[in-house]
Peer 1: 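Next up is a structure, given as structure tokens.
In what follows, every heavy atom counts, from backbone to side chain, and hydrogens, waters and symmetry copies are set aside. Below, chain A is the first sequence line, B the second, and so on; all start at residue 1.
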Number of protein chains: 2
Amino acid sequence: MRADARKNYDQLLDVAGVVLAEEGADASLRDIARRADVGLATLYRHFPTREALLEALLRTGFDDLTAQAGELEASRAPDEALVVWLREFVACAARYQGVVTLMVAAIEDPGSALHASCVAMRASGARLLARAQEAGTARRDLDGADLYALAGALAWLSDQSALADRTDHLFDVVAEAILVGSKRERAGTSSSTWPSR
Amino acid sequence: MRADARKNYDQLLDVAGVVLAEEGADASLRDIARRADVGLATLYRHFPTREALLEALLRTGFDDLTAQAGELEASRAPDEALVVWLREFVACAARYQGVVTLMVAAIEDPGSALHASCVAMRASGARLLARAQEAGTARRDLDGADLYALAGALAWLSDQSALADRTDHLFDVVAEAILVGSKRERAGTSSSTWPSR
DNA sequence: ACCTGAACACCGTTCAAGT
DNA sequence: ACCTGAACACCGTTCAAGT
């Protein structure tokens with residue numbers, strides 16, 4: 001890559017990170033190009049679609065999440081690992097408001113720049129789910145696609161400012177629903193002691 | 001209302017119902033006016049905001065849902081009534097793709113044309129939830145706002161074509177999570193026998 | 001190789017001018 | 001009273017023309 005192209009690329013990515021964090025995943029691409037002092041067509045050259053831009057911004061987060069699934073598998077109890085991963089998924093999607101909708105659409109669109117990452121994330125979640133199921137701590141009538149859908153729904157909740165104050169609590173409710181033999185039978189109280197990180 | 005105004009109003013509502021059902025809640029208002037053979041400013045005169053148009057289209061459905069809550073309270077067991085209402089909520093929001101996002105935003109925006117309906121719906125759901133809680137068949141650490149958020153999340157799931165095939169199953173999972181003392185302990189199987197209407 | 005301005009076909013929203 | 005075309009300020013996307 002030529003030096004001037006590299007500079008434009010980096011500048012676009014920097015500015016896009018700020019603008020998308022401010023305005024959400026459907027922010028104006030024109031505005032990003034403007035604020036990066038770059039021609040609009042240059043943005044399109046480097047990132048032919050909105051998904052490509054988001055993919056570049058989220059790639060490291062996605063890779064971390066997939067890698068973390070492997071570490072969790074080695075270091076934590078099956079149910080704990082699953083819940084930590086789920087929490088991390090939601091946090092990852094929360095970086096840019098509205099990105100979760102693109103992420104779920106990408107799963108069935110092989111042409112999307114987000115497709116590969118999303119398929120990999122779903123697979124890594126599915127492995128953690130299967131492990132918990134084998135250990136008898138997750139209900140057996142769910143698969144990776146169900147888990148991905150539930151993760152998406154929780155991320156959507158945290159995107160909605162009118163519902164944001166419920167998301168922590170509802171995360172616990174859904175996490176409990178995925179797991180078996182948990183608090184529900186033992187105590188039935190509302191307080192949650194799921195691993196927070 | 002003058003006769004020509006009435007005609008325009010009805011025509012707009014007819015066409016809007018078709019277009020929004022086809023293209024979702026963020027369809028082009030210009031397109032609706034065009035297909036209704038009406039000036040764009042006439043649409044704005046009758047429906048000053050997108051929410052106002054949706055409110056006119058959804059009003060009867062919303063009213064039915066609120067009324068139905070009352071009937072369910074009289075005729076059905078508390079847990080059954082709650083689940084039937086929840087299912088109806090999701091079906092109602094599914095009429096126009098993307099409308100659920102406007103519905104949750106409307107709950108904290110008193111200026112929205114959808115505000116009153118949404119507050120009423122949340123309240124009617126809250127009553128059914130409280131009734132089930134008093135009967136001991138719903139978990140006590142949820143309130144009306146939580147139920148509304150869960151209903152919204154389920155409606156969002158059914159909006160996403162990539163996840164649509166999971167929504168029936170995940171509806172059951174979430175419904176089970178709201179209720180207590182259900183299938184989970186008795187059988188632990190995946191088949192569901194919730195009231196379907 | 002890479003960049004850019006301008007063009008095209010769309011939006012939502014408003015308003016002066018018509019009947 | 002009610003309707004309308006046109007205007008304004010925005011989009012996303014593409015492409016010929018520049019260096």
Side-chain angles (χ1 to χ4, degrees), chain A residues 1-57 96-99 101-102 105-106 109 111-114, chain B residues 1-57 96-99 101-102 105-106 109 111-114:
Chain A
M1 180 140 56
R2 232 166 61 178
D4 55 344
R6 166 102 260 151
K7 209 195 74 184
N8 283 338
Y9 181 93
D10 292 341
Q11 209 148 15
L12 278 167
L13 219 48
D14 268 10
V15 172
V18 174
V19 175
L20 293 176
E22 277 171 9
E23 326 228 355
D26 55 352
S28 161
L29 298 180
R30 243 193 176 81
D31 192 36
I32 292 173
R34 235 168 356 226
R35 286 166 66 166
D37 272 315
V38 153
L40 178 52
T42 302
L43 185 151
Y44 273 92
R45 158 178 292 277
H46 287 298
F47 307 102
T49 66
R50 184 180 294 275
E51 277 86 1
L53 182 55
L54 280 161
E55 199 271 337
L57 285 168
Y96 305 111
Q97 203 184 50
V99 79
T101 303
L102 295 174
D109 174 15
S112 167
L114 294 168
Chain B
M1 178 139 57
R2 232 166 62 178
D4 54 344
R6 164 103 259 151
K7 210 195 73 183
N8 283 339
Y9 181 93
D10 292 340
Q11 210 147 15
L12 277 168
L13 220 47
D14 269 10
V15 172
V18 174
V19 175
L20 293 176
E22 278 172 7
E23 326 227 356
D26 54 353
S28 161
L29 298 180
R30 241 192 177 84
D31 191 38
I32 292 173
R34 234 167 358 223
R35 286 166 65 165
D37 271 316
V38 154
L40 179 52
T42 302
L43 184 151
Y44 274 92
R45 157 178 294 276
H46 288 297
F47 308 102
T49 65
R50 186 180 293 274
E51 277 86 0
L53 182 55
L54 280 161
E55 198 272 336
L57 285 168
Y96 306 111
Q97 203 185 50
V99 78
T101 302
L102 295 173
D109 173 17
S112 166
L114 294 167

Peer 1: On DNA chain D, compare the nucleotides closest to A/Leu40 and B/Gly39; which residue's is nearer the 5' end?
Peer 2: B/Gly39

Peer 1: What's the shortest heavy-atom distance between B/Glu23 and B/Ala27, and which atoms?
Peer 2: CB-CB, 3.7 Å

Peer 1: Are the side chains of B/Arg35 and B/Val18 in touch, meaning some heavy atoms are under 4.5 Å apart?
Peer 2: yes

Peer 1: For B/Ile32 and B/Leu53: C-alpha separation, side-chain torsions, deciding distance, then whether side chain to side chain contact (heavy atoms under 4.5 Å, CB included) applies.
Peer 2: CA-CA 11 Å; B/Ile32 292 173; B/Leu53 182 55; 4.2 Å; yes

Peer 1: I want to confirm an ordering. Mapping B/Asn8 and A/Arg34 to their closest nucleotides on DNA chain D, which one lands closer to the 5' end?
Peer 2: B/Asn8

Peer 1: Could you check whether B/Ala27 gets within reach of a base, just the sugar-phosphate, or nothing at all, counting any heavy atom under 4.0 Å?
Peer 2: sugar-phosphate

Peer 1: Which part of the nucleic acid, if any, lies within contact of B/Thr42, taking any heavy atom under 4.0 Å across all strands shown: a base, the sugar-phosphate backbone alone, or nothing?
Peer 2: base

Peer 1: Does a side-chain N-to-carboxylate-O contact under 4.0 Å join A/Arg34 and A/Asp31?
Peer 2: yes

Peer 1: Please name the pair of heavy atoms, one in A/Ala56 and one in A/Leu13, separated by the smallest distance, quoted to 0.1 Å.
Peer 2: CB-CD1, 3.8 Å

Peer 1: In this structure, which stretches of DNA chain D are paired as stems of three or more consecutive Watson-Crick or G-U pairs, both distances less than 3.5 Å?
Peer 2: C:4-8 with D:12-16, C:12-16 with D:4-8

Peer 1: Starting at the 5' end of DNA chain C and moving along, which residue's nearest nucleotide shows up first, B/Ala41 or B/Arg50?
Peer 2: B/Arg50

Peer 1: Give the C-alpha distance, both sets of side-chain angles, the deciding distance and a yes or no for side chain to side chain contact (heavy atoms under 4.5 Å, CB included) between A/Leu57 and A/Tyr96.
Peer 2: CA-CA 10 Å; A/Leu57 285 168; A/Tyr96 305 111; 3.8 Å; yes

Peer 1: State whether the side chain of A/Arg50 and the backbone N or O of A/Ala25 hold a donor-acceptor pair below 3.5 Å, judged by distance alone.
Peer 2: yes

Peer 1: If you walk 5' to 3' along DNA chain D, what is the first nucleotide with an atom under 4.0 Å of a heavy atom in chain A, and what is the last?
Peer 2: D/dC11 to D/dC15

Peer 1: Taking all atoms of both residues into account, what is the closest heavy-atom pair of A/Glu51 and A/Ser112, and its distance?
Peer 2: CG-OG, 3.5 Å

